[in-house]
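Indexing begins at 1, ligand by ligand and atom by atom, following the structure's order. Basis for what follows: all heavy atoms, side chains included, without hydrogens, waters or symmetry-related copies.
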Amino acid sequence: MFKKILIANRGEIALRVIRTCREMGIKTVAVFSTADRDSLHVKFADEAVCIGKPQSSDSYLNVPHIMAAVEITNADAIHPGYGFLAENAKFAQICADHGIKFIGPTADMITKMGDKITAKETMIKAGVPVIPGSGGLLESVSEAKGIAKDMGYPVILKATAGGGGKGMRVVWAESELEKAYNNAKAEAGASFKNDGIYMEKFVEEPRHIEIQVAGDSYGTVCHLSERDCSIQRRHQKLVEESPSPFMTPELRRQMGEAAKKAAGAIDYESVGTIEFLVDKHRNFYFMEMNTRIQVEHCVTEEVTNHDLIKEQIKIAMGEKISGKDYEPQMHAIECRINAEDPYNDFRPSPGKITVLHQPGGHGVRVDSHVYAGYVIPPYYDSMIGKLITVAQTRQEAIDTMYRALSEYIIEGVKTTIPFHLQLMKDERFRSGDFNTKFLEDFEMK
Ligand code: MV4
């Protein structure tokens, strides 16, 4: 039904969307900033339009520039990728108002999940477990102290407009609460122009396990199992895998049902992710919903044998999904290869890739937009690409990953490859014994 899709993004995800469009016989329009003139997404799309200067606010976040590119190329839909405008309700609404299909949920669905207190209230009504807490905005320090005393310390303060860790404060004792309250409120106000904060019981050493869902415009929702994203550093994921080494068939059934209830509660349409915190007793709690395709969608593609971008486009075209849930048939692991120095606090290392050899062979997938001679601009994220391996067992997927990482040659910039090589040989990682705290104690050798 779509003849032409404009991809309002850059890098590997723009290329990823172009690849599926090609297979579906849909024409593509790339947009690019002047810093991305020589990018592969520009070369591989059927058409390309420059939308402004390097700064994201002048290009990939500039709605009038993007709408002008839609207009002059006559595209009938926009794929937002991840980041940039992917979870911007105003942008989704502008697309709808101009008769351009936003390939994602409606503005209303984005808004309902964007405000974390509203999302939590929706989940409670739907019967999805949430972390006990204030149940709404905190009005004063004394109110916060009362709730914390009743719940017991430690507690965590979070921004209602937040997500992904910004504006969060863990509080271990009442003596720390006032300062944390004021800091969290100020940080939330500065980051989101909304200083509303709420409180939850702090779950110690949780795992981050998320469920991939898909919903169509006929009210059918299904899940495609979980991804374990516990290997993170300062809220940046570095490794994701499916299935989770912590998962059991019973827990998957319960979390899958909860995730479908969560998406169903807002009549969710598109692919999306329900993030859960899972404690050591396998209690799980709704954390937030990501109303976009995610970086780590590839591990789910590999274990369920489904092209999630194709599913997302088909849903946007008004096609029905089967309604069947999917269990992992394989084990897949993804390592994020970033231009960062793991020996120097993961400091960004933009610049020219002088030498490049990407790995291949059985069970190896590389999703990357770089080539020898490519310059990683300093304006955007530092991702060089994603290395994904798939095998019948977790041990084999790890061994294939180590082999593929050893073949990956990138010169000119520092990369996270040495970190991943060390991780793949780490006994605790190999045994599956890790949680979101794991990287706090990890040292590069
Ligand atoms: C929590 C938590 C413990 N208890 N909430 C981090 C990002 C944001 N989505 C919520 N986050 C957390 N919320 C309660 N009640 C611990 C975290 C957290 C975390 C969560 C997932 C993955 C990595 C994390 C790293 C630090 C803290």
Is there a heavy atom of E204 sitting under 4.0 angstrom from any atom of ligand 1?
no
Is there any N or O on E200 that sits under 3.5 Å from an N or O of ligand 1?
yes
Establish, for the pair R428 and F434, whether the NZ or CZ atom is under 6.0 angstrom from the six-membered ring centre and no further than 45 degrees off its axis.
no
Salt-bridge test for E257 and R253: reply yes if a basic N is under 4.0 Å from a carboxylate O, no otherwise.
no
Indicate, with yes or no, if the rings of F32 and Y60 have centres closer together than 6.0 Å.
no
Residue, atom name and distance, where the atom is the protein heavy atom closest to atom 20 (C) of ligand 1:
L277 CD2, 3.8 Å
Numbering the atoms of ligand 1 from 1, which are under 4.0 Å from a heavy atom of Q232?
22 (C), 23 (C)
Any carboxylate oxygen within less than 4.0 angstrom of a Lys/Arg side-chain nitrogen, looking at K314 and D216?
no
Any atoms of ligand 1 less than 4.0 Å from a non-hydrogen atom of I131? List them with their elements.
14 (C), 15 (N)
Check the angle between the aromatic planes of Y326 and H306 and answer parallel, tilted or perpendicular using the 30° and 60° thresholds.
tilted
Residues E296, K386: salt bridge by 4.0 Å N-O rule:
no
Counting heavy atoms only, which part of V203 comes closer than 4.0 Å to ligand 1: side chain, backbone, both or neither?
both
Ring-face cation of R292 near F102 (centre distance under 6.0 Å, axis angle within 45°)
no
Looking only at protein heavy atoms, what sits closest to atom 9 (N) of ligand 1 is E288 OE1, 3.0 Å
Need the ligand 1 atom indices (1-based, order shown) with element for anything under 4.0 Å from a heavy-atom of G165.
7 (C), 8 (C)
Judged by non-hydrogen atoms, does K437 sit under 4.0 Å from ligand 1?
no
Looking only at protein heavy atoms, which one is nearest to atom 17 (C) of ligand 1, and how far off is it?
M168 CE, 4.3 Å
Nearest neighbour of atom 6 (C) of ligand 1 from the list H235, E440, K237, on a heavy-atom basis
H235
Would you mind checking which non-hydrogen protein atom is closest to atom 5 (N) of ligand 1, with the distance to 0.1 Å?
K158 NZ, 2.9 Å
Return the residue, atom name and 0.1 Å-rounded distance of the protein heavy atom closest to atom 10 (C) of ligand 1.
M287 SD, 3.5 Å
In Å and rounded to the nearest 0.5 Å, what is the NZ to CG distance from K90 to D97?
13.0 Å
Near H208, which atoms of ligand 1 are under 4.0 Å from a heavy atom of that residue?
21 (C), 22 (C)
Which residue and atom name correspond to the protein heavy atom nearest atom 15 (N) of ligand 1, and how close is it?
K201 O, 2.7 Å
Is the NZ or CZ atom of K414 both under 6.0 Å from the centre of the six-membered ring of Y343 and within 45° of that ring's axis?
no
Hey, can you tell me if H369 and Y374 have their rings parallel, tilted or perpendicular (30° and 60° cut-offs)?
perpendicular
